[in-house]
Amino acid sequence: MKDCLITETVKYIGVNDKTLDLFESQYIVPKGISYNSYIILDEKIAVMDTVDQRASDEWVENLGRELDGRTPDYLVISHMEPDHAGTIKKFTEMYPSAVLVGNAKTFAMIPNFFDTIESETLTVKEGETLSLGTHTLQFIMAPMVHWPEVMVTYEQTEKILFSADGFGKFGALDADEDWTCEARRYYFNIVGKYGAPVQALLKKLSGFELQAICPLHGPVLKENLSYYLDKYNTWSKYEPEDKGVFIAFASIHGNTAKAANMLADILRKKGEQKVAVADLSRDDMAEAVEDAFRYDRIVFAAASYDGGVFLPMEDFLVHLRAKAYQNRTAAIMENGSWAPSAGKAIRGYLDSMKNINVLESTVTIRSAVKKDTEKQLEDFADAIISAV
């Protein structure tokens, strides 16, 4: 979003961070991240969230520019995670008369992060409103999307939703990239476990007319809002977004990798339109999780290791289970030189997940890929295709 104009009275005061290598110390962000914050200028002024401490100096400068000598009346706190709440104490020191607006869980959590904050507070509940003059803020509780204190705010006059972490994405605002891919990677890795709370929030929002969505990460969304709402509806229902096959492999010496790529080629030749492949030893784990949720079918291909499964595959399965992976068709390919154990280990993880249909058809490779392996893969591909 190169143009940060929202409206004449609602301004963007957030900060791009292109110095961060790992968001939440685990997700690679090659195009950075944005810490979004907004200000509503009216008879009374409301600041919508702060930013991470690492970006506080630039944020203070942006805030001061838009205030132009005025003093803010409110700071609305939608989410207490440090990348959004990290500058609350600094704000209160600069503007001691400003009132902090949050819900009961917000104010129970603030002492976990800051020693003493002496500002006046306003505790709001579901549906309550706060008038700024011509603008009116309506507060909507969104617990466990994705922390218990989360709330979103609807501005009634200009019909703007301040959506907390919802509808966010990785990438700085000037990142030249499609919204969907990085928003999907962001959603499933950060919010993905909490599909039911997201569904509850979407149900609440269905009664509101929206002209813009202002998330805490990523661009402000102002056009075709039904597209973004539909994506969140699909994602939070754990429904496949695309018909296709995702092949995730964990290979020690390259033989399992060879078989996985052979399978991908066979599937494409047989007419499968979308086939994605990931090397779990080298590719971004968060992107592998994203693709697992994107497609309706998945192939787990892994070498046996220490009587179980090669650890990059085990790590992947742990990630999927943690994010409530469900409602998919799965197939298993294992490799083992003397006592193949990967298939059993993979199935054990899948049995602990909800509504995973594991195909009876499997492939077992004994060390290297041989001539008869291609025939196995042909039959395997047919089973995967017919499983739609």
Side-chain angles (χ1 to χ4, degrees), residues 22-23 26-31 169-171 177-178 180-190 192 235 238 240-269 272-305 308-335 342-343 345-347 349-350 353 356 358-359 362-363 365 369 377 380-381 384-385 387:
L22 292 175
F23 182 74
Q26 57 182 318
Y27 306 116
I28 61 171
V29 282
K31 295 189 178 180
K169 67 177 282 292
F170 295 124
E177 61 190 4
D178 176 64
T180 308
C181 182
E182 283 297 75
R184 185 191 300 111
R185 186 167 74 100
Y186 175 91
Y187 174 87
F188 282 115
N189 286 280
I190 294 177
W235 296 344
Y238 303 99
E241 186 178 348
D242 291 315
K243 177 186 173 184
V245 182
F246 176 49
I247 304 171
F249 71 82
S251 183
I252 301 174
H253 298 295
N255 293 302
T256 306
K258 182 177 180 180
N261 284 298
M262 285 176 63
L263 175 63
D265 289 339
I266 292 169
L267 285 167
R268 294 184 185 108
K269 288 176 183 177
E272 194 68 53
Q273 295 298 308
K274 294 184 178 181
V275 181
V277 181
D279 179 349
L280 298 176
S281 297
R282 294 170 176 82
D283 294 339
D284 174 29
M285 180 61 69
E287 189 164 345
V289 169
E290 170 201 347
D291 280 341
F293 279 96
R294 179 176 180 178
Y295 298 107
D296 64 337
R297 286 154 294 160
I298 184 169
V299 177
F300 297 90
S304 302
Y305 192 79
V309 63
F310 190 37
L311 295 179
M313 175 60 76
E314 186 163 36
D315 188 28
F316 178 53
L317 289 160
V318 169
H319 274 77
L320 292 183
R321 186 170 62 185
K323 301 304 177 184
Y325 191 64
Q326 57 189 273
N327 301 334
R328 298 298 188 278
T329 295
I332 298 172
M333 180 195 303
E334 66 176 354
N335 194 341
I346 292 169
R347 185 178 286 272
Y349 276 99
L350 297 180
M353 301 178 197
I356 302 295
V358 182
L359 298 184
T362 62
V363 170
I365 301 165
V369 174
L377 293 176
F380 194 45
I384 293 167
I385 290 171

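Keep in mind that this is a model prediction, so the values were computed, not measured.
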Where [X] and [Y] come nearest, the two heavy atoms and their spacing:
X      : Y      : answer
Phe316 : Ala248 : CE2-CB, 3.7 Å
Phe246 : Ala288 : CE2-O, 3.4 Å
Ala345 : Gly308 : CB-C, 4.1 Å
Leu317 : Met353 : O-CE, 3.7 Å
Phe170 : Phe23  : CE2-CD2, 3.6 Å
Ile356 : Asn327 : CD1-N, 4.0 Å

Sequence neighbours left out, what passes salt bridge (Lys or Arg N to Asp or Glu O under 4.0 Å) with [X]? Give chain and number order.
X      : value
Arg268 : Asp265
Lys323 : none
Glu272 : Arg297

> After noting the C-alpha distance and the side-chain angles of Leu377 and Val369, does the key distance pass the side-chain contact (heavy atoms from CB on, under 4.5 Å) rule?
Replying inline: CA-CA 11 Å; Leu377 293 176; Val369 174; 5.7 Å; no

Is the shortest side-chain heavy-atom distance between [X] and [Y] below 4.5 Å?
X      : Y      : answer
Leu263 : Ile384 : yes
Glu334 : Ile346 : no
Asp296 : Thr329 : no
Arg328 : Phe293 : yes
Leu320 : Tyr349 : no
Tyr325 : Ile298 : yes

Listed by chain and number, what are the side-chain hydrogen bond (donor to acceptor under 3.5 Å, both in side chains) partners of [X], not counting sequence neighbours?
X      : answer
Arg184 : Glu241, Glu290
Tyr305 : none
Asp284 : Arg185
Tyr186 : Asp165

> For Tyr187, what residues pass the ring-ring contact (aromatic ring centres under 6.0 Å, His included) criterion, not counting sequence neighbours?
Replying inline: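 Tyr187: ring-ring contact (aromatic ring centres under 6.0 Å, His included) contacts with Tyr232, Trp235.
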
>> Working to the nearest 0.5 angstrom, can you tell me the gap between Leu350 CG and Arg321 CZ?
In response: 10.5 Å

>> To the nearest 0.5 Å, what is the distance between CZ on Phe380 and CG on Leu267?
In response: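 Phe380 atom CZ to Leu267 atom CG measures 9.0 Å (nearest 0.5 Å).
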
> In terms of heavy-atom contacts, does CD of Gln273 have more than 12 from other residues, nucleotides or ligands at under 6.0 Å?
Replying inline: no

> What side chain to side chain donor-acceptor pair (under 3.5 Å) pairs are there with at least one residue in residues 243-262, not counting sequence neighbours?
Replying inline: Thr256-Asn335

> Can you name the residues that form a side-chain contact (heavy atoms from CB on, under 4.5 Å) with Glu177, not counting sequence neighbours?
Replying inline: Lys31, Lys169, Ala175, Glu182

>> For Ala322, give me all partners under side-chain contact (heavy atoms from CB on, under 4.5 Å), at least two apart in sequence or on another chain.
In response: none

> Counting distance only, does the side-chain N/O of Tyr238 pair as donor-acceptor with the main-chain N or O of Gly192 below 3.5 Å?
Replying inline: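 It does hold such a pair.
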
Just list the side-chain donor-acceptor pairs under 3.5 Å for residues 274-281, sequence neighbours left out, or say none.
unit_1	atom_1	unit_2	atom_2	d
Lys274	NZ	Asp242	OD1	3.4
Asp279	OD1	Ser281	N	3.0
Asp279	OD2	Arg282	NH1	3.0

> What's the verdict on side-chain contact (heavy atoms from CB on, under 4.5 Å) for Val309 and Phe300, showing C-alpha distance, side-chain angles and the deciding distance?
Replying inline: CA-CA 11 Å; Val309 63; Phe300 297 90; over 6 Å; no

